[in-house]
Structures are given as C-alpha cells and as structure tokens.
Student: 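Let me begin by handing over the structure; questions about it come next.
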Amino acid sequence: MSPTQSPRSYLITDTIDLLIQLERTHSFTEASMSLGISQSMASRKLSAFEDSLGCTVIDRSSRPVRLTPEGRRILKSLAPLVDTIPELLDSLRAENLIRRELRLGILDSFTRDICAKLIKTIDQQLKHCSVLSGTSDHLQSRFRSDELDIFVSSDPCFNFDNVRRKFLYSEPSLLVYPASMEFPEKNIEWSTLQFCGIPFIGLSNGSGGGKLFDNFILSHNIPICQKYKVDGVCVLLELVNEGMGWSIVRPAGLVQHKKFLNNIKVAPMPKPLLSREVYLISKKSFSYELYQSVYFSLAQLIRDILAPKTIALAPWLKDDLLIVDPATEKKKPFSEFIADQKDEIGCYKAIS
C-alpha cells in the first residue's frame with residue numbers, strides 16, 4: 001500500500017462516499033465538489049453501481065436530489081460501518097504507533113494566528129511535518145510539483161484533478177487609510193477616494209491579492225489613482241501608516257499587523273464588496289483521516305480566534321464574515337456563532 005493512500009479508501013468505495021454526500025447535501029454539484037470529482041464522473045459512478053445492482057439509488061426526477069427507498073436502505077445498512085471506521089483506524093494507529101507525514105501549505109495571512117496552533121492540535125498524528133507559507137499562487141505551484149500534500153488556498157482550484165476541497169471561510173475586504181484623513185464616518189464611496197489627494201497602494205500583480213483587485217476594478221470600471229505596488233501586506237500597511245496612500249486589505253492580513261493601527265483607520269470597503277473565499281485543498285490519495293483532522297482544526301481556529309479578532313477590528317462584518325460549521329459543512333454568518341456563544345464572545349471590542 002502506498003504510504004499516502006488512505007486505508008479508508010480500501011474499506012469504503014467512492015460510490016458509497018458519493019451516496020453519503022448526496023444524502024447530506026441533496027446536490028450533485030456540492031457532493032461531487034466535496035469528493036474532488038466532476039459531476040459527470042459522479043453520474044457515471046452511480047449509473048455503473050445501479051446497473052450492477054439492478055435498481056436505482058437516486059431519484060433523478062426530484063429537486064433537490066434525493067435517494068430512492070433502495071438507496072436509503074443501502075446507506076442505512078452501511079452507515080454504522082462508515083461511522084466506526086475513523087475510530088477503528090485511530091485505535092489501530094494508537095496500538096501500532098502509526099504516524100503520518102504532513103507537507104502543509106499555509107497562506108501568509110494564516111501564519112501568525114493559525115499555523116502553530118494547527119500543528120499543535122494535530123501533532124499526535126504526525127511523524128514528520130514540513131510547512132511552507134506564501135500566496136495561493138505560490139502554494140499551488142508547490143502542490144503541482146508534489147512538494148505539498150495539502151494546503152490552504154484562496155483559489156478553489158477547480159482546474160485541478162483528483163483533489164479534495166472544502167470551504168473554510170469568506171472575508172469581505174476592508175478600506176484602510178491614514179488617520180489624518182477626514183472621511184465621512186459611513187458609506188465612503190469610490191469617488192471620494194478617487195479625489196482624496198493621496199494615491200491607492202496596491203499589491204503587486206505577482207500576488208493573488210493583486211490580481212484579484214486588478215480584475216475587480218477593471219470589471220467594475222472603478223477609476224483610481226494607483227502610485228505604489230508592493231509584494232506584501234506589511235509594507236503596504238507601513239506606507240498607509242506613513243500617510244502615503246490608502247488601500248483595500250483582507251481582514252486576516254490586517255489582524256496580523258495590528259501594530260500599524262495607531263495611525264490607520266479601518267472602514268467598510270465601498271460597494272461593491274470584494275470578498276475572498278478560503279478552501280482546504282488536498283490530493284485524493286492523501287490520508288482522509290488526517291485531512292479531516294486538519295479541516296476540523298482549521299474550522300475551529302477560524303471560529304475561535306481569527307473571526308473574533310476580525311470582528312474586533314471591524315464589527316460591521318459580523319453578518320458578512322462567513323465561516324464553516326464543520327458539523328454540517330455549511331456556510332454560516334459569524335453573527336450566528338456570536339448568538340450561540342454570546343457570553344464568551346461578547347467581550348470583544350472594536351478598535352477605534
């Protein structure tokens with residue numbers, strides 16, 4: 001057996017995993033995405049299974065998609081086995097001291113608040129671990145060259161074959177400008193920024209953030225005066241801190257560099273909003289159990305650390321900041337988590 005092949009894949013077929021995801025999501029699109037296969041591949045797998053079985057397991061006439069009575073019976077019989085496999089494998093690993101190798105890629109904006117805590121959380125499952133940080137483009141390149149098994153990305157990598165992907169969170173961008181500037185307290189518009197007297201400071205085209213923002217202003221025909229381009233959020237914020245210009249930044253990056261906020265104001269980005277979605281990507285051959293451990297750990301760290309720190313900087317984002325509920329794998333506004341844990345999170349205050 002290949003050291004990167006998950007033992008679960010020998011026990012549970014892709015077809016059973018597909019039935020489980022269809023029962024959970026009632027959507028061919030979401031089910032196939034969660035398994036890292038195309039909808040056409042998912043349909044072929046189910047058709048071949050139904051042909052061999054002699055009956056249908058999916059009611060293709062219904063919307064949303066539902067299992068037939070036969071499909072539900074199959075899933076009901078197999079569910080106890082599927083549910084106990086992780087416990088069985090964990091037990092075997094504990095008894096035999098089996099550990100995994102992990103080659104992990106982390107976005108730069110995750111390195112300070114998330115990375116070390118993630119490694120600490122999953123440490124007992126690891127034999128060796130290497131961590132690379134960088135932009136999504138950089139991490140994708142290292143993934144393609146087989147230097148990474150799993151990475152956090154702001155690109156869902158739909159053009160990659162044989163990968164798993166799961167949504168982690170979505171963050172709207174923020175406007176940052178020198179504290180010396182006098183802007184309206186609310187509803188700053190692009191036209192106000194265009195004629196404010198200082199230029200826009202952007203990220204270089206070599207970064208994912210720079211490409212994303214350039215495409216954004218072109219597609220929305222937003223005229224701005226851009227004088228400076230830099231290759232990192234730290235330098236960008238240093239320039240804003242010195243009064244050299246204004247910028248649009250992602251909250252996760254801003255959270256890591258709060259030391260610059262003494263001379264910087266943070267405000268809602270002018271509409272339309274530019275948001276970044278973040279995913280966890282891995283090879284399908286990578287251990288499913290370790291992938292799930294990384295996924296659940298990241299989801300919890302985002303919910304418990306990154307999201308509250310973001311809301312502390314920008315409380316107006318509580319309804320627009322979307323994070324995953326790992327129990328259901330559904331996107332939820334952070335305001336719903338705040339409502340569920342009001343006593344715990346209510347102590348966070350906005351930074352003026």
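These figures come from a predicted structure and were not determined experimentally.
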Student: Does any donor atom in the side chain of K166 or Q292 lie under 3.5 Å from an acceptor atom in the other side chain?
Tutor: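 There is such a pair between these side chains.
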
Student: With a 4.5 Å heavy-atom cut-off, do I106 and L139 have their side chains touching?
Tutor: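 Sidechains of L139 and I106: no contact.
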
Student: Quick one: salt bridge (Lys or Arg N to Asp or Glu O under 4.0 Å) partners of R112, sequence neighbours excluded?
Tutor: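 Once residues adjacent in sequence are excluded, R112 has no partner under the salt bridge (Lys or Arg N to Asp or Glu O under 4.0 Å) criterion.
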
Student: Between E238 and K259, is the closest basic N to carboxylate O distance under 4.0 Å?
Tutor: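 Looking at K259 and E238, the cut-off is not met.
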
Student: Please enumerate all residues that pass side chain to side chain contact (heavy atoms under 4.5 Å, CB included) together with D113, with sequence neighbours excluded.
Tutor: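 Partners of D113 by the side chain to side chain contact (heavy atoms under 4.5 Å, CB included) criterion, ordered by chain and then number, come out as V255, Q256, I305, K309.
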
Student: Are R276 and S109 linked by a side-chain donor-acceptor pair shorter than 3.5 Å?
Tutor: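 Yes, side-chain donor-acceptor contact under 3.5 Å.
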
Student: Please confirm whether the backbone N or O of K284 pairs with a side-chain atom of R164, one donor and one acceptor, at under 3.5 Å?
Tutor: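 Checking the backbone N and O of K284 against the side chain of R164, a donor-acceptor pair under 3.5 Å is found.
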
Student: Of all the heavy-atom pairs spanning L273 and P172, show the shortest one and how long it is.
Tutor: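 Of all heavy-atom pairs spanning L273 and P172, the closest is CD1-CB, 4.4 Å.
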
Student: Using a distance-only test with no angle check, is there a side-chain donor-acceptor pair under 3.5 angstrom linking S293 and Q125?
Tutor: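 Yes.
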
Student: Within the 4.5 Å heavy-atom criterion, are F143 and K283 side-chain neighbours or not?
Tutor: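 They are in side-chain contact.
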
Student: Using the ring-ring contact (aromatic ring centres under 6.0 Å, His included) criterion, which residues pair with Y177? Sequence neighbours excluded.
Tutor: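 With neighbours one apart ignored, the set is F183.
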
Student: What pairs with M33 under side chain to side chain contact (heavy atoms under 4.5 Å, CB included), at least two apart in sequence or on another chain?
Tutor: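 By the side chain to side chain contact (heavy atoms under 4.5 Å, CB included) rule, M33 matches T29, F158, R165.
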
Student: Can you tell me if CD on E189 sees more than 12 non-hydrogen neighbours from other groups inside 6.0 Å?
Tutor: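 No.
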
Student: How about L175 and W246: do any of their side-chain heavy atoms sit closer than 4.5 Å?
Tutor: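 Answer yes - side chains close enough.
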
Student: Y295 and P326: which non-hydrogen atoms are nearest, and at how many Å?
Tutor: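 Closest pair (atom of Y295, atom of P326, distance): OH-CA, 4.1 Å.
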
Student: Rounded to the nearest 0.5 Å, what separates atom CG in L35 from atom CD in E30?
Tutor: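 Rounded to the nearest 0.5 Å, the CG-CD separation comes to 12.0 Å.
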
Student: Kindly determine whether F49 and V57 satisfy side chain to side chain contact (heavy atoms under 4.5 Å, CB included), including the steps that lead there.
Tutor: CA-CA 9 Å; F49 178 56; V57 295; 3.9 Å; yes

Student: With D161, which residues qualify under salt bridge (Lys or Arg N to Asp or Glu O under 4.0 Å), at least two apart?
Tutor: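 Salt bridge (Lys or Arg N to Asp or Glu O under 4.0 Å) check on D161 returns nothing, list empty.
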
Student: What pairs of donor and acceptor atoms, side-chain ones from residues 70-79 against any protein atom, are under 3.5 angstrom apart with sequence neighbours left out?
Tutor:
from: E70; atom 1: OE1; to: T68; atom 2: OG1; distance (Å): 3.3
from: R72; atom 1: NH1; to: L67; atom 2: O; distance (Å): 2.7
from: S77; atom 1: OG; to: R73; atom 2: O; distance (Å): 3.1

Student: When you measure from the side chain of W190 to the backbone N and O of K271, does any donor-acceptor pair fall under 3.5 Å?
Tutor: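 Confirmed, W190 side chain pairs with K271 backbone.
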
Student: Does V249 reach the side chain of S173, with side-chain heavy atoms less than 4.5 Å apart?
Tutor: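 Answer no - side chains too far apart.
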
Student: Closer than 4.0 angstrom, basic N to acidic O: yes or no for K318 and E336?
Tutor: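 Salt bridge between K318 and E336, a charged N being under 4.0 Å from a carboxylate O: no.
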
Student: Taking side chain to side chain donor-acceptor pair (under 3.5 Å) as the definition, give me every residue that meets it alongside S153, ordered by chain and number, with sequence neighbours left out.
Tutor: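 Per chain and number, S153 pairs via side chain to side chain donor-acceptor pair (under 3.5 Å) with no residue.
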
Student: Could you pull out all residues at least two apart from E147 that satisfy side chain to side chain contact (heavy atoms under 4.5 Å, CB included)?
Tutor: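 Once residues adjacent in sequence are excluded, the partners of E147 under the side chain to side chain contact (heavy atoms under 4.5 Å, CB included) criterion are R142, S145.
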
Student: Decide yes or no for F296 and T121: does some side-chain heavy atom of the first lie under 4.5 Å from some side-chain heavy atom of the second?
Tutor: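 Result no, sub-4.5 Å side-chain heavy-atom pair not found.
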
Student: Can you tell me how far apart OG (S247) and CG (L237) are? Round to the nearest 0.5 Å.
Tutor: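 Answer rounded to 0.5 Å: 7.5 Å.
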
Student: Quick check for you: to the nearest 0.5 Å, what is the distance between I150 atom CD1 and L298 atom CG?
Tutor: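 One finds 7.5 Å between CD1 of I150 and CG of L298.
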
Student: With no hydrogens and no angle check, is any side-chain donor or acceptor of H220 less than 3.5 Å from a backbone partner on F216?
Tutor: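 Yes, because the side chain of H220 sits within donor-acceptor range (under 3.5 Å) of the backbone of F216.
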
Student: Consider side-chain contact (heavy atoms from CB on, under 4.5 Å). Of I201, V230, L203, which one does V235 pass it with?
Tutor: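 The passing option is V230.
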
Student: So which atom in R303 and which in F334 form the shortest heavy-atom distance, rounded to 0.1 Å?
Tutor: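 Closest pair (atom of R303, atom of F334, distance): O-CE1, 3.6 Å.
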
Student: So I119 and C129, side chain to side chain contact (heavy atoms under 4.5 Å, CB included) or not? Walk me through it.
Tutor: CA-CA 8 Å; I119 299 302; C129 180; 3.7 Å; yes

Student: So, taking the atom named OG in S191 and the one named CD1 in I224, what distance separates them when rounded to the nearest 0.5 Å?
Tutor: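 Answer for the OG-CD1 pair, S191 versus I224, is 13.0 Å.
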
Student: So does D325 pair up with K330, basic N to acidic O under 4.0 Å?
Tutor: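 Result for this pair is no, no salt bridge flagged.
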
Student: Let me confirm one number: the CE-CG distance from M181 to L193, rounded to the nearest 0.5 Å.
Tutor: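 Nearest 0.5 Å value for the CE-CG distance: 8.5 Å.
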
Student: Taking D149 for its side chain and L102 for its backbone only, find out whether a donor-acceptor pair lies under 3.5 Å.
Tutor: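 Flag not set: sc D149 to bb L102 has no pair under 3.5 Å.
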
Student: According to side chain to side chain donor-acceptor pair (under 3.5 Å), who are the partners of K229, at least two apart in sequence or on a separate chain?
Tutor: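 Partners of K229 by the side chain to side chain donor-acceptor pair (under 3.5 Å) criterion, ordered by chain and then number, come out as N205, D214.
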
Student: Does the salt bridge (Lys or Arg N to Asp or Glu O under 4.0 Å) test come out yes or no for E50 and K45, once each step is laid out?
Tutor: CA-CA 9 Å; E50 289 173 327; K45 284 180 178 292; over 6 Å; no

Student: Are L306 and Y169 close enough that some pair of their side-chain heavy atoms sits under 4.5 Å apart?
Tutor: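 When only atoms from C-beta onward are counted, Y169 and L306 do touch, with a gap below 4.5 Å.
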
Student: Does the side chain of I302 reach to within under 4.5 Å of the side chain of V324, using non-hydrogen atoms?
Tutor: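 In short, these two side chains do not touch, never coming nearer than 4.5 Å.
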
Student: For S47 and S43, indicate whether the former's side chain and the latter's backbone hold a donor-acceptor pair under 3.5 Å.
Tutor: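 Judged by distance alone, yes, a pair lies under 3.5 Å.
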
Student: Who are the ring-ring contact (aromatic ring centres under 6.0 Å, His included) partners of H26, not counting sequence neighbours?
Tutor: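 Result, ring-ring contact (aromatic ring centres under 6.0 Å, His included) vs H26: none returned.
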
Student: With a 3.5 Å cut-off and no angle check, do the side chains of D59 and S61 form a donor-acceptor pair?
Tutor: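 S61 and D59 do have a side-chain donor-acceptor pair below 3.5 Å.
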
Student: For Q21, which residues count as a side chain to side chain donor-acceptor pair (under 3.5 Å) partner, sequence neighbours excluded?
Tutor: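 Scan of Q21 (side chain to side chain donor-acceptor pair (under 3.5 Å), adjacent residues dropped) gives R24, S34.
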
Student: Donor-acceptor pair, T135 side chain versus H138 backbone, under 3.5 Å?
Tutor: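 Checking the backbone N and O of H138 against the side chain of T135, a donor-acceptor pair under 3.5 Å is found.
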
Student: When you check the side-chain N and O atoms of S204 and D231, is any donor under 3.5 Å from an acceptor?
Tutor: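 Judged by distance alone, the side chains do not pair up.
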
Student: I'd like to know whether R250 forms a side chain to side chain contact (heavy atoms under 4.5 Å, CB included) with L174, so could you lay out the CA-CA distance, the side-chain angles of the two residues, the decisive distance to 0.1 Å, and finally the verdict.
Tutor: CA-CA 6 Å; R250 292 162 177 165; L174 295 168; over 6 Å; no

Student: For a quick test of reading the model, state the closest non-hydrogen atom pair linking L118 to S297 and the distance between them.
Tutor: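 Result for this residue pair: CD1-CB, 3.6 Å.
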
Student: Taking side chain to side chain contact (heavy atoms under 4.5 Å, CB included) as the test, write out the residues that go with S133, two or more places apart.
Tutor: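 Partners of S133 under the side chain to side chain contact (heavy atoms under 4.5 Å, CB included) test: D108, T111.
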
Student: Should F200 and F213 be marked as a ring pair (Phe, Tyr, Trp, His ring centres under 6.0 Å) after you check the CA-CA gap, both sets of side-chain angles, and the distance that decides it?
Tutor: CA-CA 12 Å; F200 171 75; F213 188 76; 4.8 Å; yes

Student: Could you please spell out the steps behind the side chain to side chain contact (heavy atoms under 4.5 Å, CB included) verdict for V152 and I281?
Tutor: CA-CA 6 Å; V152 179; I281 312 290; over 6 Å; no

Student: If we only count heavy atoms from C-beta on, is the P268 to I188 side-chain gap below 4.5 Å?
Tutor: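 No - every pair of side-chain heavy atoms lies 4.5 Å or more apart.
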
Student: When the ring centroid of F286 is compared with that of Y291, is the distance short of 6.0 Å?
Tutor: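 So the answer is no for these two rings.
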
